Amino acid sequence: MPDLKNDRYLRALLSQPVDVTPVWMMRQAGRYLPEYKTTRAQAGDFMSLCRNPELACEVTLQPLRRYALDAAILFSDILTVPDAMGLGLYFETGEGPRFTHPVRTAADVARLPVPDPEQDLGYVMDAVRTIRRELASAVPLIGFSGSPWTLATYMVEGGSSKAFTVIKKMLFAESQTLHLLLDKLADSVILYLNAQIKAGAQSVMIFDTWGGALSGRDYREFSLHYMHKIVDGLLREHEGRRVPVTLFTKGGGQWLEAMAATGCDALGLDWTTDIGEARTRVGDKVALQGNMDPSMLYASPARIEQEVETILTAFGQGNGHVFNLGHGIHQDVPPEHAGAFVDAVHRLSLPFHQ
């Protein structure tokens, strides 16, 4: 494989020296871009877009044509794994994802297959291979999965939830059933992410979107334990390079030390945690990714620049910072504001690396 023209994202995740702080945005390929909406209309619906490797590649590359981003992230969805387990994923307009066959009993869990990534999720691997080819070594490609706990919330609730009452009922009343489900999901995610790495993903990220809904004790037992299992099972070298692993628990700022102890390379932070305090807590053990409030992109470019400067200053001098939003970019953000954000990170971070 030819050397990457821009590898500062991978270097930053491994806390190696970089010239400027690298930046990418969660959900950077998405609905805030008019060209994305055009491609999605061409695909017909969201899952048809995910399942078409050429169109998934197209939307992955769209933000890179507009902005000087330091990484591409595979266009897919965290629910591809439960979908491949046969739960009947569909999307309700205005309601988000739904499953026809939610998982409610030990018998339901026992029936779930562990998907073969190349057979059952081959469209994802084809998308990874297509994107890697089309990137032509310009920037690294990030692969990803949902965490077992986060996937389980959708599978047990039957879709999105605010209170998580159904899965918490299982957690407290039938914890053994939930552990069996989470263990099967961890095995599935290990296979899925390793297949992405073999197909060409140069870094992987685990999105624990709903870990923050748990108490500290339950977080360690039902979320972090299974992410740790995944980290232990991942390929960490491929194509002669280290493959960095990032863990992101939204609402997980109080558990950073425990997260860092999993052996991951980096932690994602949401905007509720001060990045300077986080760096003090985890030291040089892991790199940090984040963590501007995505709603800041509604502000003027001058205000966005001010916020970028504030976060860079809070992190301070040195390496180990990947700039990102604290969660995904909102769909009604003006695209030019995203551009002002990316440019500000590169320009204003220069003095922090001298």
Side-chain angles (χ1 to χ4, degrees), residues 1 27-30 36 39-62 64 71-91 97-101 103 109 111-137 139-148 150-152 154-155 181 183-207 226 229-230 233-239 241 243 245:
M1 283 286 168
R27 295 200 190 125
Q28 65 189 25
Y36 168 87
T39 308
R40 170 155 169 177
Q42 186 185 340
D45 60 48
F46 177 74
M47 282 310 291
S48 298
L49 181 53
C50 289
R51 291 190 180 111
N52 184 316
E54 283 70 34
L55 295 184
C57 175
E58 167 60 21
V59 293
T60 299
L61 299 180
Q62 283 170 352
L64 300 174
I73 182 162
L74 163 70
F75 180 81
S76 187
D77 191 84
I78 63 168
L79 298 181
T80 52
V81 170
D83 182 42
M85 291 175 148
L87 299 190
L89 175 66
Y90 65 99
F91 285 82
R98 289 277 182 272
F99 285 113
T100 311
H101 312 293
V103 176
V109 175
R111 275 194 297 270
L112 292 173
V114 171
D116 179 308
E118 286 290 354
Q119 295 296 317
D120 306 314
L121 289 156
Y123 65 91
V124 178
M125 304 315 142
D126 288 343
V128 172
R129 285 186 276 265
T130 305
I131 296 161
R132 262 303 291 274
R133 185 184 72 234
E134 294 301 314
L135 277 172
S137 300
V139 294
L141 174 61
I142 306 166
F144 71 92
S145 172
S147 71
T150 291
L151 297 179
Y154 290 97
M155 294 166 72
L181 174 59
D183 202 51
K184 190 171 274 192
L185 282 167
D187 290 340
S188 301
V189 170
I190 289 167
L191 291 172
Y192 183 53
L193 288 178
N194 281 341
Q196 289 185 36
I197 292 165
K198 289 173 191 167
Q202 290 144 298
S203 166
V204 292
M205 184 162 167
I206 300 169
F207 285 91
Y226 293 98
K229 178 178 174 172
I230 292 165
L234 288 178
L235 290 170
R236 304 299 284 272
E237 296 270 343
H238 190 60
E239 299 177 330
R241 267 187 180 272
V243 180
V245 179

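All of these numbers come straight from a predicted model, not from anything done at the bench. Residue numbers start at 1 and run along the sequence shown.
- A152 and L181 make their closest contact through CB-CD2, 3.9 Å (heavy atoms, listed as atom of the first residue, atom of the second, distance).
- Of the possible donor and acceptor atoms, none in the side chain of Q196 sits under 3.5 Å from a partner among the backbone N and O of A201.
- Without hydrogens or angle criteria, K184 side chain to V114 main chain gives no donor-acceptor distance under 3.5 Å.
- Across all their heavy atoms, P113 and A84 have their closest contact at CG-O, 4.5 Å.
- Salt bridge annotation for K198-E237: absent, with no cationic side-chain nitrogen under 4.0 angstrom from a carboxylate oxygen.
- Q202 contributes no side-chain N or O that, together with a main-chain N or O of P140, makes up a donor-acceptor pair within less than 3.5 Å.
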Practice task
Given side-chain contact (heavy atoms from CB on, under 4.5 Å), test V103 with M85 step by step and report yes or no.
Solution key: CA-CA 11 Å; V103 176; M85 291 175 148; over 6 Å; no
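- The shortest distance between side-chain heavy atoms of L234 and V243 does not fall below 4.5 Å.
- In this structure, Q28 contributes its side chain and L64 its backbone to no donor-acceptor pair below 3.5 Å.
- N52 pairs by the side chain to side chain contact (heavy atoms under 4.5 Å, CB included) definition with E54, L55, not counting sequence neighbours.
- Between the R132 side chain and the G200 main chain, a donor and an acceptor come within less than 3.5 Å of each other.
- Looking at M205 and I73, their side chains never come closer than 4.5 Å, going by heavy atoms from C-beta outward.
- With rounding to the nearest 0.5 Å, the separation of CD in Q42 from CG in L49 is 9.0 Å.
- Using a 4.5 Å cut-off on side-chain heavy atoms (C-beta onward), P82 and Y154 make no contact.
- Contact check for L121 versus V81: side-chain heavy atoms found under the 4.5 Å cut-off.
- Residues F75 and F46 bring their aromatic ring centres within 6.0 Å.
- When all heavy atoms of T60 and A72 are compared, the pair lying nearest together is CG2-CB, 4.0 Å.
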Problem - S76 vs F144, side-chain contact (heavy atoms from CB on, under 4.5 Å): CA-CA, chis, key distance, verdict - result: CA-CA 9 Å; S76 187; F144 71 92; 3.9 Å; yes
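- Between atom CZ of residue R98 and atom OH of residue Y90 there is a gap of 6.5 Å, rounded to the nearest 0.5 Å.
- The distance from the CZ atom of R241 to the CD1 atom of I197 is 14.0 Å, given to the nearest 0.5 Å.
- The side-chain heavy atoms of L87 and L112, taken from C-beta on, include a pair separated by under 4.5 Å.
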Practice task
Test side-chain contact (heavy atoms from CB on, under 4.5 Å) on L151 and V189 and set out the steps.
Solution key: CA-CA 10 Å; L151 297 179; V189 170; 4.1 Å; yes
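- With sequence neighbours excluded, the residues forming a side chain to side chain contact (heavy atoms under 4.5 Å, CB included) with A186 are P148, Y226, K229, I230, listed by chain and number.
- For the residue pair Y192 / T80, a side-chain donor-acceptor distance below 3.5 Å is found, with atom types taken as modelled.
- Of all heavy-atom pairs between I78 and G146, the closest is CG2-N, 3.7 Å.
- L89 pairs by the side chain to side chain contact (heavy atoms under 4.5 Å, CB included) definition with M47, L79, D83, F91, P97, F99, not counting sequence neighbours.
- Judged purely by atom type and a 3.5 angstrom limit, T130 uses its side chain to pair as donor or acceptor with the backbone of D126.
- The main-chain N or O of L235 is found under 3.5 Å from a side-chain atom of N194 such that the two form a donor-acceptor pair.
- Remark: S188 OG to L193 CG distance equals 11.0 Å, nearest 0.5 Å.
- Shortest non-hydrogen contact noted between I142 and A71 is CD1-CB, 3.7 Å.
- Contact check for I131 versus E134: no side-chain heavy atoms found under the 4.5 Å cut-off.
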